[in-house]
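Have a look at the structure below before the remarks.
Count residues from 1 along the sequence. What you are looking at is a predicted structure, and each value in this text was computed from that prediction instead of being measured.
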Amino acid sequence: MSDSLHSPPPFDPPMSPEELAAAAAAQEADAAAAQESALAELNSLKAQVAALTDQALRAQAEAQNARRRADDEIAKIRKFAVESFAESLLPVIDSLEAGLKIESASTEQLREGTDATLRQLLSVLERNKVVEVNPAPGARFDPASQQAISMVAAAQEAGTVVSVLQKGYTIAERVLRPALVTVAQ
């Protein structure tokens, strides 16, 4: 093995007091610069946190305002949903009241006025999507819109409507009242 591999490391002469003071000052300057940099980064991060917190609070407030506005709108819709329907019934009420004012009406006049008022009422219901459920005899029984009151022996196919005891009604395809029917056994 060669001597260069086992030679002692080069000797550093001791530092003079001025060199030691300069090295200490350099270390202090480096530490101060590192501290200043860390403080600047900390302040920058604090500013970012404050900005993000502000954004989050604003977004939360906006969401609460949107939810409140939607709740208010739903409350108004519920409160006034029947208004249009009630308004369309007013002419029917007027017709009934006008008919009742006639004291000496004949049976034929009463019948004619009642028929006209019924047509008027059915028109109002139709405009408001209230549809009559009145299955024809022989139609297949539909438990979704009909209620079987009894099963009777009949000459028609089992499970079909024999007669309608009371009409049913739907509104926008939702059952208000099922039709009451008798069904063939």
Side-chain angles (χ1 to χ4, degrees), residues 46-185:
K46 281 182 180 180
Q48 285 178 351
V49 166
L52 292 173
T53 301
D54 183 58
Q55 284 178 348
L57 289 174
R58 287 177 189 274
Q60 186 178 23
E62 181 58 34
Q64 286 174 348
N65 287 340
R67 190 176 310 116
R68 183 187 46 74
R69 284 190 299 270
D71 289 346
D72 289 348
E73 189 65 27
I74 289 170
K76 284 179 187 175
I77 288 169
R78 285 183 181 150
K79 184 176 180 181
F80 298 110
V82 76
E83 181 179 17
S84 171
F85 182 68
E87 188 177 313
S88 64
L89 285 174
L90 296 179
V92 177
I93 293 170
D94 295 340
S95 293
L96 288 171
E97 288 175 342
L100 290 173
K101 285 181 183 176
I102 302 173
E103 293 183 21
S104 61
S106 68
T107 306
E108 186 178 306
Q109 288 173 322
L110 288 174
R111 175 76 181 181
E112 195 175 298
T114 303
D115 283 342
T117 304
L118 178 60
R119 284 191 305 275
Q120 194 177 24
L121 178 60
L122 291 174
S123 173
V124 166
L125 292 175
E126 185 180 315
R127 278 195 315 268
N128 286 280
K129 296 181 178 46
V130 177
V131 177
E132 179 180 280
V133 177
N134 189 14
R140 175 82 38 226
F141 172 70
D142 179 9
S145 63
Q146 302 163 18
Q147 182 177 348
I149 297 301
S150 64
M151 294 189 78
V152 295
Q156 61 195 52
E157 184 181 340
T160 59
V161 174
V162 174
S163 65
V164 176
L165 303 171
Q166 185 181 58
K167 295 177 189 175
Y169 292 90
T170 62
I171 185 166
E173 300 180 18
R174 181 176 177 180
V175 176
L176 285 174
R177 180 178 82 187
L180 301 180
V181 297
T182 58
V183 179
Q185 287 182 324

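Interatomic distance, Gln109 CD to Thr107 OG1, rounded to the nearest 0.5 Å: 9.5 Å. Separation of atoms CZ (Arg127) and CZ (Phe85) is listed at 10.0 Å; rounding is to 0.5 Å. The distance from the CG atom of Leu96 to the OG1 atom of Thr117 is 5.0 Å, given to the nearest 0.5 Å. One distance of note links NZ of Lys76 with CG of Asp71; it measures 12.5 Å at 0.5 Å rounding. One distance of note links CD1 of Ile171 with NZ of Lys129; it measures 9.0 Å at 0.5 Å rounding. Rounding to the nearest 0.5 angstrom, the gap separating the CZ atom in Arg119 from the OG1 atom in Thr114 is 10.5 Å.
Evaluation of the side chain to side chain donor-acceptor pair (under 3.5 Å) rule for Ser145 yields Asp142 as partners, not counting sequence neighbours. Under the side-chain contact (heavy atoms from CB on, under 4.5 Å) criterion, Glu157 pairs with Arg140, Thr160, sequence neighbours left out. Under the salt bridge (charged side-chain N to carboxylate O under 4.0 Å, His left out) criterion, Arg111 pairs with Asp115, sequence neighbours left out. For Lys167, the side-chain contact (heavy atoms from CB on, under 4.5 Å) criterion is met by Glu132, Asn134, Tyr169, not counting sequence neighbours. With sequence neighbours left out, Glu126 forms a side-chain contact (heavy atoms from CB on, under 4.5 Å) with no residue at all. For Gln48, the side-chain contact (heavy atoms from CB on, under 4.5 Å) partners are Ser44, Leu45, not counting sequence neighbours.
The two atoms that bring Leu89 and Leu121 nearest to each other are CD2-CD1, 3.6 Å, heavy atoms only. Contact record, Ser163 with Thr182: OG-OG1, 2.8 Å, taken as the closest heavy-atom pair. Of all heavy-atom pairs between Ala184 and Met151, the closest is O-CE, 3.8 Å. The heavy-atom pair separating Val164 from Pro135 by the smallest distance is CG2-O, 3.2 Å. Residues Ala144 and Val175 share a closest heavy-atom pair of O-CG2, 3.2 Å. Closest non-hydrogen pair, Ala158 versus Gln185, comes out as CB-O, 3.1 Å.
No more than 12 heavy atoms of other residues, nucleotides or ligands sit less than 6.0 Å from atom CZ of Arg78. Around CG of Leu176, the count of heavy atoms belonging to other residues, nucleotides or ligands within 6.0 Å exceeds 12. The number of heavy atoms from other shown groups lying within 6.0 Å of CD (Gln64) is above 12. Residue Glu173 qualifies as open at atom CD: its count of foreign heavy atoms under 6.0 Å is 12 or below. Counting non-hydrogen atoms of other residues, nucleotides and ligands closer than 6.0 Å to CZ of Arg174 gives a total of 12 or fewer.
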Full working for salt bridge (Lys or Arg N to Asp or Glu O under 4.0 Å) between Arg58 and Asp54: CA-CA 6 Å; Arg58 287 177 189 274; Asp54 183 58; 2.9 Å; yes
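Taking a cutoff of 4.0 Å between a charged side-chain nitrogen and a carboxylate oxygen, Arg68 and Glu73 do not qualify as a salt bridge.
Residues Thr170 and Val130 form no side-chain contact, since every pair of their non-hydrogen atoms from C-beta on lies 4.5 Å or further apart. The shortest side-chain heavy-atom distance between Val181 and Ile149 does not fall under the 4.5 Å cut-off.
Under the 3.5 Å distance criterion, the side-chain polar atoms of Gln156 are matched with a main-chain donor or acceptor of Val161. Between the side chain of Ser95 and the main chain of Pro91, a donor-acceptor pair closer than 3.5 Å is present.
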